[in-house]
There are 2 protein chains.
Amino acid sequence: MASTDSGRPGAGGTPAPARAAGGRTTSRDVARAAGVSQATVSLVLGDKWRGRVSERTAGTVREAARELGYRPNLAARNLRLGRTRTALLVVPALTSEFFARVYTGANGVAAEHGFGVVLYPSPVGTGPALDPFDSARAALDGVIASSMAADTLSGMRGGGLPLVMLDSDPRAGTGTAATVNLDIADGMRQVARHLLALGHRRFAHLAAAVDSWTFRERAGALTRAVAAVPGPALARESAALEVEAGRRAAERVLRVAAERRPTALVCDDDLLAAGACKAARGLGLRVPEDVSVTGFDDLALATAVDPELTTVRLPAEAVGARGMTALLDALDGRVPDTAPLPVLLVPRASTGPPPRP
Amino acid sequence: MASTDSGRPGAGGTPAPARAAGGRTTSRDVARAAGVSQATVSLVLGDKWRGRVSERTAGTVREAARELGYRPNLAARNLRLGRTRTALLVVPALTSEFFARVYTGANGVAAEHGFGVVLYPSPVGTGPALDPFDSARAALDGVIASSMAADTLSGMRGGGLPLVMLDSDPRAGTGTAATVNLDIADGMRQVARHLLALGHRRFAHLAAAVDSWTFRERAGALTRAVAAVPGPALARESAALEVEAGRRAAERVLRVAAERRPTALVCDDDLLAAGACKAARGLGLRVPEDVSVTGFDDLALATAVDPELTTVRLPAEAVGARGMTALLDALDGRVPDTAPLPVLLVPRASTGPPPRP
DNA sequence: CTGTTAGCGCTTTCAT
DNA sequence: ATGAAAGCGCTAACAG
């Protein structure tokens, strides 16, 4: 297995080859080349030399480093410093734009503070046995976990690292540094209000078959919003988070006599909504004339399909940014901001008044 | 904390506080708790103790480690070993399922060899100044880069690490350990053959406005395939890799007199194809009756839209797996397999015979 | 201003 | 079968 094992061939009388024979350039090589000590190199390259090293020496050192193509050994630095300036972002799926945008937001804030962010896609099964602290070999200063399934949480507590939860149950936070949440419930309330105002009274909820806070929140909020006005009915059907599963679930819900058929399909996710639209068309129903459909997330898909989806826009970048900020705060002993982020209904072409009976 | 020797009574003497006061548990803490030397701990926990440490001692050590919740310090291990068993996977975009699947494939192979894979989404601008070796703070043994834009390549050569390119120009490989490619050209040829067989003669190519090998390959292959038979015309229009950009580009191409209008839109990507379908419908044209549309990649989107897209399926997982295998080979001095991976046209509902004039 | 020194926590000879 | 000791490359006290 050992690959790069030329390691340390008994170096005879050194003719001062500024670069170690087989290995990488070290700070000592730079020091030798510049004719200074290792400490000076560290100071200069670490940019803490103002008033401690002469301008001229600093220049020499930088020149030598450039010349030799010196790159500091992270492992050594991390070992010495005891921290890595690296955070792990755990996401349930790589595919989704939502998480891509969360990453972008987190990475932006991280970069401003000299931190890096490493992605860990939680294995699909999301069994409790996940171990990001072994799998992502990077040594870590903290963990940010987004939208994790309930049972995955438990496994997450390894390493005793600061943990920031994103889009997750705020009450689960025993030992959690902070929870950054979206106002999911308000989003669902906006959906309900929109549809009720259009005149809908028979609803069906296409729920994601994923046991996580964010989806329980959506279900609860919809139930309450619909129950708040007299009269309306609410059916519910679950589906895996895929277009095809959404299509099948919607088909089950729509295949009933017209007078009992829901006039509005509220979906937990844009993928499900896309499936719902396909189901409707497959049954000869028009969207939105015969049945209105709403999504959630406002992914690119929402405007890729026809008609474009009425959906709830989630400020994903902001979630990531706030998550990273919270982690940084926790790391520095400050108390993280924890107000929920607002979300916004974006009405488009997939919703309209219910059909006249 | 009670006295720590719950596992190993009888070893009088040291009341040693098995866990360092403020910090994490180290292998020395474990050694003390188990009443052995650090070396023994390393041997046992590194699973190289057969015949070197007694069964009984090994048990004691493992018990102590478990008891104390010991986790080896990766930074120290990496420093000592000079390698990290970590590879970096550089991808141009997080959003795409394609890269998610490449990751999955790479990670699977990596795991079998005790490696981890860390993702580095190359910044959107893909300016040449990217530095994954600083951004992803993890120390790395090698880099796998997928579908990178041409100018991004140059920046990639930092660190002198083994580099495996995926879906990239094989000739760019100066200093590259290996290139794992898809038979992109053959995919495009299959598309052309399919459409020609259906009777199409007026084509338009919706090209991705991204300067990378994979898209140049698609353009070249289509041009050649169409030129190979007498008669056909081929227009070309570029668009950013987004549905809306694809829609606009398709609109430009379709907004001409019916007798000059292309009857088949060959798109570089499923996103573009989805946009093309929207454009067609927006202009009152039916897909595939009035115009056929093909995609590339076979993303989930391909079956989410209506009609489902005829597209070229790319074996993304296999690409990732082969990439990781090639990196492992290079690391161990073996010579990587470099045959292109086959791709397959999947005919669906978005293509049909051209309209009768 | 600059050099010397002492480890960070781990693995690995080499003695015992 | 086990322990002692060296050292990976780096940074931060502390001397000079």
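Side chains are part of it too, since the values below use all heavy atoms of this structure and drop only hydrogens, waters and symmetry mates. Protein chains get the first letters and strands the later ones, always in sequence-line order, with residue 1 at the start of each.
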Taking the minimum atom-to-atom distance to the side chain of [X], which one of [options] wins?
X: A/Ser54; options: D/dT2, C/dT2, D/dA13; result: C/dT2
X: A/Ala39; options: C/dT11, D/dA13, D/dG3; result: D/dA13
X: A/Val53; options: C/dT2, D/dG7, D/dC10; result: C/dT2
X: B/Thr40; options: D/dA12, D/dT2, C/dT11; result: D/dT2
X: B/Thr57; options: D/dC10, D/dT2, C/dT12; result: D/dT2

Rounded to whole Å, please give me the gap between [atom1] in [X] and [atom2] in [N].
X: A/Trp49; N: D/dA12; atom1: CH2; atom2: C1'; value: 19 Å
X: B/Lys48; N: C/dT13; atom1: NZ; atom2: P; value: 10 Å
X: B/Asn73; N: D/dG9; atom1: CG; atom2: C1'; value: 14 Å

Query - Residues A/Asp337 and A/Arg322 bridged, charged N to O under 4.0 Å - result: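 The answer is yes: the pair qualifies as a salt bridge.
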Query - B/Arg77 side-chain N/O to C/dT11 phosphate OP1/OP2 under 4.0 Å - result: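 It does, given that an N or O in the side chain of B/Arg77 lies less than 4.0 Å from OP1 or OP2 of C/dT11.
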Query raised in the report: For C/dC10, does OP1 or OP2 lie under 4.0 Å from any side-chain N or O of B/Ser27?
Result: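 For C/dC10, OP1/OP2 do have a side-chain N/O of B/Ser27 under 4.0 Å.
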Report task. Using heavy atoms to find the nearest nucleotide of DNA chain D for B/Glu55 and B/Leu79 separately, return the residue whose nucleotide is more 5′. Result ->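 The residue whose closest nucleotide sits nearer the 5' end is B/Glu55.
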Query raised in the report: DNA chain D: A/Leu43 or B/Gly51, which has the more 5' nearest nucleotide?
Result: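 Nearest nucleotide further toward 5': that of B/Gly51.
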Query raised in the report: For B/Gly46, which contact category applies under a 4.0 Å heavy-atom criterion: base, sugar-phosphate, or nothing?
Result: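 Contact class for B/Gly46: none.
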